[in-house]
Asker: 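This is the structure I have questions about; it appears just below.
In what follows, chains are A, B, ... by sequence order, proteins preceding strands, each numbered from 1. Keep in mind that the numbers below use all heavy atoms, side chains included, and drop hydrogens, waters and symmetry copies.
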2 protein chains.
Amino acid sequence: MVDEQKTTEEIIFEAALSVFQRKGLAGARMQEIADEAGINKSMLHYYFRSKELLFKQVFIKSFKNFSASTIPIMNLELSWEEKIPLLVTHYLKAMQTRPDLPMFVINEMRYNPEDFLSNVSGNKIKDTVFFAQLWDGINKGTIRPIKPIQIVVSIISETVFPVIAKPMIQHMTKLQDTNWEEFIADREKVIPEMLIKYLKEF
Amino acid sequence: MVDEQKTTEEIIFEAALSVFQRKGLAGARMQEIADEAGINKSMLHYYFRSKELLFKQVFIKSFKNFSASTIPIMNLELSWEEKIPLLVTHYLKAMQTRPDLPMFVINEMRYNPEDFLSNVSGNKIKDTVFFAQLWDGINKGTIRPIKPIQIVVSIISETVFPVIAKPMIQHMTKLQDTNWEEFIADREKVIPEMLIKYLKEF
DNA sequence: ATATAGTTCAACCATTTGGTTGACAAATGA
DNA sequence: TCATTTGTCAACCAAATGGTTGAACTATAT
């Protein structure tokens, strides 16, 4: 593989990604981004003009990254029962590598609503094979007749929420760090079991 | 009832609660809190000394408010099957009235970890009647043998997450505002059904 | 070589922001 | 009544922060 040299712009963008995802728009400091990139603060403005523009690009990239990652899985050539555990595992693994990403996206989206994303096509979860499979089963009477969107939201909720709310849950339940891994491992089994059972037996 | 006069301190605290919950620690401005309280900015420092101290009090109050509200429900004299829909309804209703509260608590807890809460006793969800009932059923073989904490986390995840992630879900699924209420109403039925079925049939 | 365009940075600048001060009013109590 | 405490505010202040500038440096093309 070629040892491609990262351009200054790329270095800045990655540093911005890291700092914005960790601290949010209001909490992030241009100086901190410059420090993390190892360059002068003027460079940020030279390449991205303003904090707002830089944030906008970081935010759009983050949103796409989070929301688009599941589509390929939903379009695999597998049954819907096989896809549910895959999706659960995918989200739990994604949480492990980038725990700040979903929190960042959700959080900033309360303030920068459609504005920043007006040009970002809402990627069509509804047009995936997974969705079609669920509708098909419902029409054939083999799946409980509830809207498929409920299932998708449940999968995301059950996997993403516990990780972003980890400190709160730990404080509320006194769950130690050592037991946390076990707790997550359990969830990886429990969530698909529960969802599939609910959809198939009614 | 007595028309109690709110003290300046209380007025400030409520304004701070509102602004901090909406904007977070980094995003909140002392001037904005003063404006919302309708008093001079100096008053904030007169009564609370610094932004950090004011925030600390607001944060502790918010955390207690969120985490303690379910304990009474879990200790009601009802079967566990009856409590699950109650808990789901409780959380969904709480979300409706104070949509910013859980996001605020979860968000700020990533940065102000145990520090602020070291003196706040982690309220013992594990010591509720609800928990005892689940363990009891598990031991008797009438409930699927999974750790009760999984159920509690599922209830919170399934109810709280969709509401805090509403803008993101709406963008990802193109769900209109008019259909949102229906979506939430559906969840109020789906979540208890799913959890109870999973626990009882195995 | 040298002109041109792109890149980098130290030093500045204007505004915002948390926080302070001192004067003054309103209650409190002797 | 009058002295002391408590409450309120306009005007300031110092530090932080986003942003600008001008000069210097580098690479590339002619």
Asker: Heavy atoms only, 4.0 Å cut-off, all strands: where does B:Phe48 land among base, sugar-phosphate and nothing?
Answerer: nothing
Asker: Is the base of C:dT20 touched by the side chain of B:Ser42 through a donor-acceptor pair closer than 3.5 angstrom?
Answerer: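 Under the 3.5 Å cut-off, the side chain and the base do form a donor-acceptor pair.
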Asker: Give the rounded distance in Å between these two atoms: NZ of A:Lys6 and P of C:dT7.
Answerer: 18 Å
Asker: How about A:Phe20 and A:Phe55: are their ring centres within less than 6.0 Å of each other?
Answerer: yes
Asker: Looking for any heavy atom pair under 4.0 Å, which part of the strands does B:Met30 touch: base, sugar-phosphate only, or nothing?
Answerer: sugar-phosphate
Asker: Distance check needed: C:dG18 C1' versus A:Arg29 CZ, whole Å only.
Answerer: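 Interatomic distance, CZ of A:Arg29 to C1' of C:dG18: 12 Å.
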Asker: So what does B:Tyr47 touch, heavy atoms closer than 4.0 Å: a base, only the sugar-phosphate, or nothing?
Answerer: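 Sugar-phosphate, backbone atoms only, no base.
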Asker: What class does the angle between the rings of A:Phe63 and B:His171 fall in, given that below 30° is parallel, 30 to 60° is tilted and above 60° is perpendicular?
Answerer: perpendicular
Asker: If I take atom OH in residue A:Tyr46 and atom P in nucleotide C:dA5, what distance separates them, rounded to the nearest angstrom?
Answerer: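 Taking atom P of C:dA5 as the reference, OH of A:Tyr46 is at 12 Å.
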Asker: Are side-chain heavy atoms of B:Asp35 and B:Arg29 found at a separation under 4.5 Å?
Answerer: no
Asker: How many whole angstroms separate atom CD1 of B:Ile12 from atom P of D:dT8?
Answerer: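 My rounded result for the distance is 8 Å.
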Asker: Once hydrogens and angles are ignored, does a donor-acceptor distance under 3.5 Å link the base of C:dG19 to the side chain of B:Lys51?
Answerer: no
Asker: Separation of A:Asn40 atom CG from C:dC12 atom P, in whole Å?
Answerer: 14 Å
Asker: Measure the distance from CD on A:Glu10 to C1' on C:dT7 and round it to the nearest whole Å.
Answerer: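 Taking CD of A:Glu10 and C1' of C:dT7, I get 15 Å after rounding.
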Asker: Which part of the nucleic acid, if any, lies within reach of B:Leu44 when heavy atoms closer than 4.0 Å are counted: base, sugar-phosphate only, or nothing?
Answerer: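 Nothing, no nucleic acid heavy atom in range.
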Asker: What contact category does A:Ala28 fall into here, base, sugar-phosphate, or nothing, at under 4.0 angstrom with non-hydrogen atoms?
Answerer: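 Sugar-phosphate, no base atom in range.
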Asker: Rounded to the nearest Å, what distance is computed from the CE atom of residue A:Met43 to the P atom of nucleotide D:dT26?
Answerer: 14 Å
Asker: Can you identify which nucleotide, out of D:dC9, C:dT8, D:dG18, has its nearest atom closest to the A:His45 side chain?
Answerer: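 Among D:dC9, C:dT8, D:dG18, the one nearest the side chain of A:His45 is D:dG18.
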Asker: Just by distance, with hydrogens left out, do B:Gln133 and B:Ser79 show a side-chain donor and acceptor under 3.5 Å apart?
Answerer: no
